[in-house]
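Below is one structure, written out as structure tokens, with a few remarks after it.
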Amino acid sequence: MTPAPSSIPELLDRARALAGRTIGELGGDLGVAVPDDQRRAKGLVGQMIERALGATAGSRAEPDFVQIGVELKSIPVNRQGRPQESTFVCTIPLSRIPEMDWGQSSLSHKLARVLWVPIESERGLPLPQRRIGYPLFWTPSHAETSLLQDDWEELAGRIGRGDIESITGHIGRCLQVRPKGANSRDRRRAPEADGAWMMTMPRGFYLRASFTESILRRLREEA
DNA sequence: GATTGATCATAC
DNA sequence: GTATGATCAATC
């Protein structure tokens, strides 16, 4: 068991030490069997990186590194370092959205400090052979924050007004609201326009790949 | 080829 | 059952 890092520099040192290693090698260190593909192991890499860096295991509504307030995100990138997928941030508390504002949102809290760990993830490259990339520590710039806040207010506003069924993945410049459940039959309670409640699919906030690409580009340019 | 909606595994 | 960790795969 790796102990929790006590400072951000310590976390960065650990993450840098992983850069260049393969998922197969990391699996060997952790005693984890790594399958060739991720169809039945979608969160495996993220959970392995968590363990290797000393994140608090398990599911809680807390940052991965509680003491230092840092969220860990592994992110699949192609050979050029470009993100290949959107990034899940958090589930949306549909029933509590009406009384929330941006400053209270779990989205703004989670994204205040993020450690991005790129994973080389070309389609077809077997999981054990994929390499861990150089980590990037992010705090949103003013421009990035206002982009996020604008999208959040638009999307949370619709949910709060009972307009959730008007939301598709097309809405939002940097954010998206998309289904986040076990399957399409999954249901949660959400506000309805007239003050009543409806049952609908659970949803989550995701960062668009184009947005995370701009974040990673900025961080690499500044490095 | 990029994007959206659907889905998979595990912890508690 | 709901949270965490995400990627898959049908569609645009």
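Here is how names work: the chains are called A, B, and so on, in the same order as the sequence lines, proteins then strands, and each is numbered from 1.
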Under-4.0 Å side-chain N/O to phosphate OP1/OP2 contact, [X] with [N]:
X: A:Lys180; N: C:dT7; answer: no
X: A:Ser184; N: B:dT7; answer: yes
X: A:Arg178; N: B:dT3; answer: no

Whole angstroms only, please: what is the [atom1]-[atom2] distance between [X] and [N]?
X: A:Gln47; N: B:dA11; atom1: CD; atom2: C1'; answer: 9 Å
X: A:Arg185; N: B:dG5; atom1: CZ; atom2: P; answer: 17 Å
X: A:Glu122; N: B:dA2; atom1: CD; atom2: P; answer: 11 Å
X: A:Ile119; N: C:dC8; atom1: CD1; atom2: P; answer: 13 Å
X: A:Arg189; N: C:dG1; atom1: CZ; atom2: C1'; answer: 15 Å
X: A:Tyr206; N: C:dT4; atom1: OH; atom2: C1'; answer: 12 Å
X: A:Arg203; N: C:dT2; atom1: CZ; atom2: P; answer: 15 Å
X: A:Leu53; N: C:dG5; atom1: CG; atom2: P; answer: 13 Å

* Please state whether the rings of A:Phe211 and A:Trp138 are parallel, tilted or perpendicular, taking 30° and 60° as the class boundaries. => perpendicular

* Do the ring planes of A:Trp152 and A:Phe205 sit parallel (below 30°), tilted (30 to 60°) or perpendicular (above 60°)? ->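 Taking A:Phe205 first and then A:Trp152, their aromatic rings sit tilted (interplane angle of 30° to 60°).
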
* Output, in order, the C-alpha distance, side-chain angles, deciding distance and verdict of side-chain contact (heavy atoms from CB on, under 4.5 Å) for A:Thr2 and A:Arg14. => CA-CA 10 Å; A:Thr2 305; A:Arg14 287 186 194 175; 3.3 Å; yes

* **side chain to side chain donor-acceptor pair (under 3.5 Å) between A:Arg188 and A:Thr91, worked out** => CA-CA 11 Å; A:Arg188 293 291 187 287; A:Thr91 52; over 6 Å; no

Counting any heavy atom closer than 4.0 Å, what does [X] reach on the DNA or RNA strands: base, sugar-phosphate only, or nothing?
X: A:Glu71; answer: sugar-phosphate
X: A:Ala182; answer: base
X: A:Gly43; answer: base
X: A:Pro76; answer: sugar-phosphate

* Evaluate the criterion side-chain contact (heavy atoms from CB on, under 4.5 Å) for residue pair A:Met199 and A:Arg189; output intermediate values, then yes/no. => CA-CA 5 Å; A:Met199 297 304 284; A:Arg189 199 174 63 140; 4.1 Å; yes

* After noting the C-alpha distance and the side-chain angles of A:Ile23 and A:Ile132, does the key distance pass the side-chain contact (heavy atoms from CB on, under 4.5 Å) rule? -> CA-CA 7 Å; A:Ile23 300 303; A:Ile132 302 167; 3.8 Å; yes

* Asked: Any side-chain heavy-atom pair from A:Val177 and A:Ile171 closer than 4.5 angstrom?
  -> no

* Asked: Relative to the 5' end of DNA chain B, which residue comes earlier, A:Gly181 or A:Ile171, by the nucleotide with the nearest heavy atom?
  ->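 On the 5' side of the pair lies A:Ile171.
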
* Group every Ile, Leu, Val, Met, Phe, Trp and Tyr by side-chain heavy-atom contacts under 4.5 Å, then state whether A:Leu72 and A:Leu11 land in the same group. =>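 Result: yes, single cluster for both.
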
* Linking I/L/V/M/F/W/Y whenever their side-chain heavy atoms sit closer than 4.5 Å, directly or via other members, would A:Leu148 and A:Met100 fall into one cluster? ->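 Same cluster: A:Leu148 reaches A:Met100 through Ile, Leu, Val, Met, Phe, Trp or Tyr contacts under 4.5 Å.
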
* Looking at residues 83-107 of chain A, who's got a heavy atom less than 4.0 Å off DNA chain C? ->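 Only A:Glu85, A:Ser86, A:Phe88, A:Thr91 qualify.
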
* In terms of heavy-atom contacts, does CZ of A:Arg187 have more than 12 from other residues, nucleotides or ligands at under 6.0 Å? ->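 Yes, because the 6.0 Å sphere around CZ of A:Arg187 holds more than 12 heavy atoms from other groups.
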
* A:Arg220, CZ: over 12 other non-hydrogen atoms inside 6.0 angstrom -> yes

Check nucleotides 10-12 of chain C against the protein and report each pair of N or O atoms closer than 3.5 Å, with its distance, or say if there are none.
none

* **Pair A:Glu165 + A:Arg203, salt bridge at N-O below 4.0 Å** =>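 Between A:Arg203 and A:Glu165 there is a salt bridge, with a charged N closer than 4.0 Å to a carboxylate O.
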
* What parts of residues 34-42 of chain A reach DNA chain B, counting only heavy atoms under 4.0 Å away? -> A:Arg39, A:Arg40, A:Lys42

